[in-house]
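Following: one structure in structure tokens, then a few remarks.
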Amino acid sequence: MHCFYAPETEAHDPIFRLSHGAVARNAEQAERARLLLAGLDRLGLATASPPSAPRSVLEAVHTKRFLAFLETAWAEWQRLPGAGPEVVANVFPRGAPLTYPDSVVARAGWHMGDTSAPIGPESWQATCRAADCAVAAAEAVLAGAPAAYALCRPPGHHTGAEVAAGHCLLNVSAIAAAHLRRAHDRVAVLDIDVHHGNGTQEIFYDRSDVLTLSVHAETRAYYPFFTGYAEETGTGAGAGFNLNLPLPRTTRDDAWIAAIEAGLARVADFAPGALVVSLGLDAHENDPLQGMKITFDGFRRAGRLIAGSGLPAVIVQEGGYLSPDLTTALEAFLSGVMAPGAG
Ligand SMILES: [Zn+2]
């Protein structure tokens with residue numbers, strides 16, 4: 001299997017996190033990449049460094065002012081009196097009408113949905129290189145590979161067209177889907193991260209050419225809280241082209257696999273030319289975020305099912321946090337992809 005990784009992404013190693021009113025170390029650390037690379041190593045899979053993708057691939061899903069903000073915010077922030085080491089928003093727009101502001105403090109609030117995705121000096125380059133990995137994996141699939149894996153950090157699925165959140169900067173899964181869409185009339189995105197893929201949903205919510213599906217922990221009392229409900233099915237031309245499959249936090253393998261099977265049945269009806277898998281590994285029972293109770297065997301079964309769909313698959317790394325089990329969860333999922341069949 002073709003695998004893509006850019007070591008430059010490790011320079012994004014955010015520090016700040018606000019959790020239940022306490023300042024904590026950010027969970028989306030560069031160490032994650034080393035744990036994931038170890039999983040590839042166990043399978044004998046080497047990684048290639050991707051070429052740089054043109055900015056137009058980012059503009060296919062993000063607004064120009066959002067890209068300009070991500071690119072320039074850290075340098076501008078450093079000129080503020082008493083600035084901290086990272087861009088972290090502390091004002092947020094609410095209600096309407098709203099005016100796009102000049103101050104970088106206010107633009108941080110416009111473009112950052114919460115405080116969990118701080119921007120440091122190397123974050124722009126890192127998120128661009130993560131997008132390069134996703135695009136290279138899409139290219140590999142377009143060239144005929146049955147599956148390709150992009151080890152992306154930071155992740156992307158909580159970022160919409162111009163608001164980053166949930167440890168994510170550029171929406172790497174959406175970028176891969178938009179890139180595949182250049183060659184295929186229809187593309188599907190199946191998100192199995194334990195958190196609702198709200199950014200990907202938002203980006204394609206009014207479109208019928210990209211089907212978005214998310215299997216995740218119920219959001220009434222879990223991040224991202226405000227979205228992820230079954231009644232969110234799309235709008236306008238996109239009505240009927242978004243499927244949310246929320247599950248209880250107590251979910252174990254069989255119910256999770258059944259939901260993925262239901263998602264794949266909807267994908268089969270849609271008959272896309274290719275599939276993007278937003279691969280969060282944080283549904284694992286030992287993940288520090290404690291969203292669900294999925295075992296290594298559950299991940300292996302999920303990989304087999306997805307590969308068994310017969311669709312060319314671009315597998316994009318999303319969540320999954322610091323634990324030695326992160327390595328084994330990736331190994332289990334990809335071993336399933338490489339031995340397709342019934343779950
Ligand atoms: Zn997640």
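Both ligands and their constituent atoms are indexed starting at 1 by order of listing.
- Using a 4.5 Å cut-off between side-chain heavy atoms of Ile, Leu, Val, Met, Phe, Trp and Tyr, with links allowed through other members, Y205 and V187 fall into different hydrophobic clusters.
- Around the Zn ion (ligand 1), the two atoms OD2 of D282 and OD2 of D193 are separated by an angle of 90°, to 10 degrees.
- With respect to the salt-bridge test (charged N to carboxylate O, under 4.0 angstrom), the residues R34 and D41 do not qualify.
- Side-chain N or O atoms of H157 include none that pairs as donor or acceptor with a backbone N or O of E318 at under 3.5 Å.
- Residue contact annotation: H158 places no N/O/S atom under 2.8 Å from the Zn ion (ligand 1).
- H195 has its closest N, O or S atom to the Zn ion (ligand 1) at the position named ND1.
- For R207, the CZ atom counts as densely surrounded, since its 6.0 Å shell holds more than 12 non-hydrogen atoms of other residues, nucleotides or ligands.
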